Amino acid sequence: MFSRLVVQTAAGINRRFPRAVLQARFFTQQHQKQARSRLLSPFFISTTSAIVATGLTFAVMSTQHHDDLLEQKIALNGTADHEVEEATKYLNNMTIVKEARSNKNMFEIEAYSHLNGSAKLHSLTASTLRGKGKVIVAPVIFYNKSMTEVTIVCHLGTELCGHDGIIHGGMLATLLDEVLACVAFPALPNNIGFTANLNIDYRKPVKSDQWVVMRGQLDRLEGRKAYVEAWIEDLEGTKMTEAKSLYVAPKSIIPKIGS
Ligand SMILES: *[C@@H]1O[C@H](CO)[C@@H](O)[C@H](O)[C@H]1NC(C)=O
Ligand SMILES: *[C@@H]1O[C@H](CO)[C@@H](O)[C@H](O)[C@H]1NC(C)=O
Ligand SMILES: *[C@@H]1O[C@H](CO)[C@@H](O)[C@H](O)[C@H]1NC(C)=O
Ligand SMILES: *[C@@H]1O[C@H](CO)[C@@H](O)[C@H](O)[C@H]1NC(C)=O
């Protein structure tokens, strides 16, 4: 077993890298062999080590409560259970998902498993953007062995639009930022990085209420800088939105804000 630490931003760094996302994440990845034999759910730890010791007891006590609230929120407190179930079934039966799950060169991680309790409940993507008409099921995430390529499948609902019927460009930027981080962080020193820039080409409108495939890859690593690219395509493989980004690892690990 080996661990990787992934942290995305703190206030001080945010000044230096203004586009940094205010979110902290660590993750520990289980051995990839285990990942292949049973679907990998790596141990993601949502905070810096500074608060882990003191926060753990409370986190464990409140995690179940927060998980219940999150489930109620995503399934609109039970009224969307059926839609969630249908979408999950559909996802698990998709050719791209089945092929990735049987591909020995890829392994799967559980989305948002690096977040727990309050951090998960209040997360933009793990919680607020989830639910009926939004992102109804958690995206499925597949890495290649070296974690230099990621493939993510998710459904974008009807309630995420800019122009009616077309997914809002800011929503696509949010999704792409996370895909880019997926391939930047594992490559960086201490597996920690901040968005220094993000450039997006909106090539074709992304229609709402469709399944999309998001792919990311590490282009090159130069010391503390990871150059990454990602794109969103439809199920036929047509690229609709493309992004390039530079992530920079800090010189030292950032302690939690306020600690
Ligand atoms: C989340 O909380 C559970 C206990 O409810 C604990 O077993 C797990 O390790 C925690 N995960 C993270 C990433 O903190
Ligand atoms: C969900 O519904 C139950 C019973 O109808 C209610 O007591 C609870 O407060 C609701 N939860 C939320 C988060 O709305
Ligand atoms: C799975 O997908 C195939 C088409 O690829 C379809 O024929 C089949 O009915 C689906 N199965 C379920 C359980 O949805
Ligand atoms: C992962 O993807 C890179 C391309 O970015 C490729 O060169 C490499 O062979 C892949 N590694 C594995 C183990 O699949």
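Counting convention: from 1, in listed order, for ligands and their atoms alike. These numbers come from a predicted model, not from an experiment.
In this structure, Arg101 pairs ionically with Glu108, as a charged nitrogen and a carboxylate oxygen lie closer than 4.0 Å. A salt bridge between Glu71 and Lys73 is absent, with no side-chain N of the basic residue lying under 4.0 Å from a carboxylate O of the acidic one. For Glu83 and Lys132, the salt-bridge test passes: some basic side-chain N is under 4.0 Å from an acidic carboxylate O.
Listed for the Asp201 side chain is no donor-acceptor partner under 3.5 Å among the backbone atoms of Glu242.
The distance from ligand 3 to the heavy atoms of Asn93 drops below 4.0 Å at these ligand atoms: 1 (C), 2 (O), 3 (C), 8 (C), 10 (C), 11 (N), 12 (C), 14 (O).
When each of His155, Glu159, Met171 is paired with Val135, the side chain to side chain contact (heavy atoms under 4.5 Å, CB included) condition holds for Met171 and for no other. Only one option out of Asn77, Thr79, Asp67 pairs with Gln72 in a side chain to side chain contact (heavy atoms under 4.5 Å, CB included); it is Asn77.
Using a heavy-atom distance under 4.0 Å as the criterion, the protein contacts of ligand 2 are Gln72, Asn77.
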